[in-house]
2 protein chains.
Amino acid sequence: MPRDVDHDQRRREIVGAVWTIVARQGIEGVTLRGVAAEAGVSMGRVQHYFGTRDELVRHACRLMVEGAQAEHAAQGQALPPVERLRLLVHRAVPTTPGFTLGVAVWTAFHAKSVDDPEISAILTDAHRGGVREGAALVVEARARGDLPDGEDPAALALRLLALAEGYGARVLVGSLDAAAALAALDREIDRAAAAPRD
Amino acid sequence: MPRDVDHDQRRREIVGAVWTIVARQGIEGVTLRGVAAEAGVSMGRVQHYFGTRDELVRHACRLMVEGAQAEHAAQGQALPPVERLRLLVHRAVPTTPGFTLGVAVWTAFHAKSVDDPEISAILTDAHRGGVREGAALVVEARARGDLPDGEDPAALALRLLALAEGYGARVLVGSLDAAAALAALDREIDRAAAAPRD
DNA sequence: GTCGTTACGATGCACTTGCATTGCAAAGAC
DNA sequence: GTCTTTGCAATGCAAGTGCATCGTAACGAC
């Protein structure tokens, strides 16, 4: 067994270049040559690790979802559930350059999902995972008394996430201020914390 | 002045083909040849009316926004303001084939806006127009006593629209049921009608 | 009728694209 | 050392792309 290289590491490097390009030029901008150049590797390498362009794009989608989940888990580790919920929701709004890239890429894959069932499946999983996480945080927060009972946790989580994505999309396009979006989301969470619904 | 043809009509025919293709294969799927074939015209015609591919795509974006606005205005003509508001937010959810196409195309242009400032400008206008329309309906409904006072009309309209787009995106991807999305939106409107906020 | 203008249709071209192929070099296994 | 397997790099190629160009047919003004 010759030439022991870390395949996953190589793939991550290449996928990182894909994200950069997608955020700048959309998925149509993803070409084998362009990705290779952006990653600073040869086209042969890209081909070696991703036999096909579609596979490259799909892997980029998978890794971005996994990365976002991992990042969120790490960031909120020491925070109380309500704050972790807030963090989860804030992720959908392009504030920092990192989030902006993430939201742009996220949006691109959303559009791509209309003609790629695999992407659609990945996003569906991501959506469900997000709602599950959000609902769990709601339950946790209620157990601590930080959030009043009421609305179904999953429905509440879904509502907050959908709202956040709607605001986030507008911020990305430029028709809404990021600060205004965050403020609106915070109001929504605080209101859920202050008064029971339904 | 020879050969009197209706330019706008010709453009609409071609743009219709663009929408169809975008909904099926995304904006990357838009090629001059493909559009010509879908519209049942020659490639020369497409080139004649839209000098460049970019112009074609942008015009398709403009016409879709205008068409949506006109359609909404026509549909709700005889309805009370609250119902017109309901219609406005329901538009973002892919229920009928027509709305599904619309939401798919809308999503595609949203993604495209990251690298095309003109598209971004068109969408920004559309966003603002939507909020203005929604806010006006809120004001109108309040004047009739159908909606209680409270939240700023524009903020309420923005919240409803963002929420609708968030739900709509999930329905498009397939992670959410259209009926569930509509129900959630109706609950939101009814709640705004039942209890003042903030 | 003719003349000029417009609305195309047809074709050609330079370029980019994804992917197949080929060759080779590095690193264990022996 | 040899051998074998893997990890690439280089190149080639057919297909598809946007766009320029050229020809021409239709129609109105005169």
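In what follows, chains carry the letters A, B, and so on, assigned in the order in which the sequence lines appear, proteins first and then strands, with residues in each chain numbered from 1.
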- What residue pairs, at least two apart or across chains, pass side-chain hydrogen bond (donor to acceptor under 3.5 Å, both in side chains) with a residue in residues 64-75 of chain A? Glu71(A)-Arg91(A)
- Among pairs that include at least one residue of residues 36-46 of chain A, which meet side-chain hydrogen bond (donor to acceptor under 3.5 Å, both in side chains), considering only residues two or more places apart or in two chains? Arg24(A)-Glu38(A)
- Item | N or O in side chain of His7(B) less than 4.0 angstrom from dT6(C) OP1/OP2 |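 No, outside the criterion.
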- Task: Report yes if a side-chain nitrogen or oxygen of Arg10(B) is closer than 4.0 Å to either non-bridging phosphate oxygen (OP1 or OP2) of dA7(C); otherwise report no.
- Result: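 Looking at the OP1 and OP2 atoms of dA7(C), neither is under 4.0 Å from any side-chain N or O of Arg10(B).
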- Item | With sequence neighbours excluded, residues passing ring pair (Phe, Tyr, Trp, His ring centres under 6.0 Å) with Tyr49(B) |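 Residues passing ring pair (Phe, Tyr, Trp, His ring centres under 6.0 Å) with Tyr49(B): His7(B).
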- Which residues pass the ring pair (Phe, Tyr, Trp, His ring centres under 6.0 Å) test with His110(A), sequence neighbours left out?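 For His110(A), the residues satisfying ring pair (Phe, Tyr, Trp, His ring centres under 6.0 Å) (neighbours in sequence not counted) are Trp106(A), His127(A).
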Nearest-angstrom distance from the residue atom [atom1] of [X] to [atom2] of [N]:
X	N	atom1	atom2	answer
Arg45(B)	dA26(D)	CZ	P	14 Å
Glu55(A)	dG18(C)	CD	P	14 Å
Asp6(A)	dT6(D)	CG	P	17 Å
His48(A)	dG23(C)	NE2	P	18 Å

- Item | Heavy-atom protein contacts under 4.0 Å, nucleotides 11-19 of chain D, coded B base, S sugar-phosphate only, - none | ------BBB
- Query: For Ala92(B), which residues count as a side chain to side chain contact (heavy atoms under 4.5 Å, CB included) partner, sequence neighbours excluded?
  - Reply: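 Only Ala164(B), Glu165(B) meet the side chain to side chain contact (heavy atoms under 4.5 Å, CB included) criterion with Ala92(B).
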- Message: Counting C-beta onward and ignoring hydrogens, is there a side-chain heavy-atom pair between Arg58(A) and Phe50(A) closer than 4.5 Å?
- Response: no
